[in-house]
Amino acid sequence: MNTAFFLGGMAVLLLIGVPVAFALGLLAVGGMYLFNGGTFSFSQIPIISYKSLDDFTLTALPMYVLMSQVLVVSGVGRDLYEMASKWFRHLPGGLAIATLFCCAIFAAISGSSVATAVTVGAVALPEMTKRGYDKRTVLGLLAAGGTLGILIPPSVPMIIYGSVTGESIGKLFVAGIVPGILLTMVFMIYASWKTRHIKEKPATWVERFEASKKAIWGLILPIIVIGGIYTGIFTPTEAAAIGAMASILISIFVYKNFTTSNIKTIVLSTVKTNAMILMIIVGAMLLGYIMTILQIPQTITQFATSQQVSPWVIFVLVNIVLLILGCFLETISILVITLPILYPIIKALGFDPIWFAVVMVVNMELALITPPVGLNLFVLKGLDKTNTIDEIVKGVVPYALIMMLFIVVLAVFPELTTILIDRVK
């Protein structure tokens, strides 16, 4: 009965257009009133709200968002794309490979799928279509390449996962490195095969090194952030602050475009993004409080673990649920709503929670490109008024299938996620 109230209430509120954060909060308030002592329980609202944000782990969140916003306006993406095109354009489908390489590098310095899709897409879309690449193929490639922003560290969803579950952010970041590189390579192989009929004249070595020189700052940033975390020089939170400061210094002294108008754009975008994420977290924690009081997560966990089926059957069902949710909700909402329930189940079934974090993030990548609410689809539609959701979806279908198969690979070879984390605290 209690579970039906929350599930039904959530569905109704979302269908009538209530923002996710407020839908979660309203359900929590309704649950407190009906099931936990009426208005007396409302005294817990400010306490839980404050406590949900009083988490040192979340300090990294605004810093990584700030870094991504600075990089979007700095011109780093343009230089990275120019470098990649010089090195790869002579290969079959060379610009497709270059675009995905650029997406991977930009993902490693921004941690944002939207920032990756916008920045690389703005440069790559006109360039690739001008050189004879099918527009639908390009749009699908960019939508999929943008999703790498939440798998290759730094990753905002990994920070949320660590904040909700208490897992090490450093380990979560490092766990995404090998899967992120492998998924990028598989994307490249498919894109190269798909566009193999297009091959261009190789750039000269002088052109390659000149382009690399311009892009060096974009290449250095992920080394600073991820290298510093992996070697133990600084924590993920310290890495976020250092990365944000480094991106600002690069924008000021290298690209010289840290103007008053750009500062206003960067600050407003950073504040809006962080406010949205933090409001969702507060709403989810309020809902989590009343659900815990009613022992809903414990009941669901007990039910799942008592079934006479293989844990892998539960795992498959979890992935199906995440896929369905990804069609209607964005990534942060899915994480904060489902993790309080899924995390205990995964641990009770004996699965590695670090491994599951990577699996879940790949599911979140799918959420970014599955209609009707795939965020990257709308981002790319906004780049050009002639783009349609229909052609973007058709172009992205092969990459969605690759991601689904990649989840199977992660299930068969879980060590892909843990091979690098032994040295991380």
Side-chain angles (χ1 to χ4, degrees), residues 6-7 10-11 13-15 17-21 23-24 103 107 111-117 139-140 142-152 155-161 164-165 172 176 179-180 183 187 273 276-277 280-281 283-284 287 314-343 345-346 355-381 389-390 392-411:
F6 289 113
L7 292 177
M10 175 64 71
L13 290 172
L14 292 177
L15 285 172
V18 177
V20 173
L24 294 170
C103 285
S112 167
S113 288
V114 172
T116 301
L139 289 169
L142 287 169
T147 66
L148 297 170
I150 63 171
L151 179 58
I152 298 175
S155 164
V156 170
M158 289 291 195
I159 296 173
I160 302 299
Y161 186 98
V164 173
T165 65
L172 292 170
L183 188 57
F187 280 178
T273 302
M276 179 269 292
I277 295 173
I280 291 173
I281 291 174
L287 184 60
I314 306 296
F315 173 77
V316 171
L317 292 175
V318 166
N319 280 273
I320 292 173
V321 169
L322 292 174
L323 179 62
I324 294 171
L325 289 175
C327 294
F328 303 99
L329 296 172
E330 45 76 40
T331 58
I332 303 302
S333 302
I334 297 172
L335 285 168
V336 295
I337 291 170
T338 62
L339 273 176
I341 296 173
L342 295 183
Y343 182 74
I345 294 175
I346 290 300
W355 163 81
F356 181 69
V358 177
V359 171
M360 197 161 190
V361 169
V362 176
N363 273 288
M364 298 305 97
E365 289 186 302
L366 275 167
L368 288 165
I369 57 175
T370 48
V373 193
L375 193 55
N376 280 14
L377 306 180
F378 292 95
V379 166
L380 288 172
K381 186 180 185 302
I389 294 295
D390 182 61
I392 300 171
V393 170
K394 288 179 179 177
V396 86
V397 165
Y399 296 96
L401 294 175
I402 288 172
M403 288 182 194
M404 292 178 188
L405 290 173
F406 192 66
I407 292 173
V408 176
V409 171
L410 291 174

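- Residues A117 and V379 approach most closely at CB-CG1, 4.1 Å, considering heavy atoms.
- Distance check: S333 OG to L24 CG gives 7.0 Å after rounding to the nearest 0.5 Å.
- In this structure L405 satisfies the side chain to side chain contact (heavy atoms under 4.5 Å, CB included) test with no other residue, sequence neighbours excluded.
- Between V358 and M158 there is a side-chain heavy-atom pair separated by less than 4.5 Å.
- How far CD1 of I389 is from CG of L139: 9.5 Å, rounded to the nearest 0.5 Å.
- With sequence neighbours excluded, the residues that form a ring pair (Phe, Tyr, Trp, His ring centres under 6.0 Å) with F187 are Y399.
- Atoms CD1 and CD1, from I160 and I334 in turn, are 13.0 Å apart once rounded to the nearest 0.5 Å.
- By the 4.5 Å heavy-atom criterion applied to side chains, I150 and V156 are not counted as neighbours.
- Residues meeting the side chain to side chain contact (heavy atoms under 4.5 Å, CB included) test with M276, sequence neighbours left out: I280.
- Between L151 and L183, some side-chain heavy-atom pair lies under the 4.5 Å cut-off.
- Looking at every heavy atom in both residues, A143 comes nearest to V396 through CB-CG2, 3.8 Å.
- Of all the heavy atoms in G149 and A107, the pair that sits closest is CA-CB, 3.4 Å.
- Contact check for N376 versus T147: side-chain heavy atoms found under the 4.5 Å cut-off.
- The two residues A400 and L366 make their nearest non-hydrogen contact at O-CD2, 3.6 Å.
- Here N363 pairs with N319 under the side-chain hydrogen bond (donor to acceptor under 3.5 Å, both in side chains) rule; sequence neighbours left out.
- With M360 as reference, L322 is the one residue of I346, L322, V318, I407 to meet the side-chain contact (heavy atoms from CB on, under 4.5 Å) rule.
- If you take CG on L368 and CE on M364, they are separated by 8.5 Å, rounding to the nearest 0.5 Å.
- Counting all heavy atoms, side chain and backbone alike, P340 lies closest to L335 at CD-O, 4.3 Å.
- Between V362 and F406, the closest side-chain pair of non-hydrogen atoms falls below 4.5 Å.
- Qualifying side-chain hydrogen bond (donor to acceptor under 3.5 Å, both in side chains) partners for T331, counting only residues two or more places apart in sequence or in other chains: none.
- Between the side chain of T370 and the main chain of G326, a donor-acceptor pair closer than 3.5 Å is present.
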Inset, instruction - With side chain to side chain contact (heavy atoms under 4.5 Å, CB included) as the test, would you mind laying out the steps for T338 and Y343 before giving the verdict? - result: CA-CA 8 Å; T338 62; Y343 182 74; over 6 Å; no
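- In this view, F315 and W312, F351, W355 satisfy the ring pair (Phe, Tyr, Trp, His ring centres under 6.0 Å) rule, not counting sequence neighbours.
- In this structure, G146 and C103 approach most closely via the heavy-atom pair N-SG, 4.2 Å.
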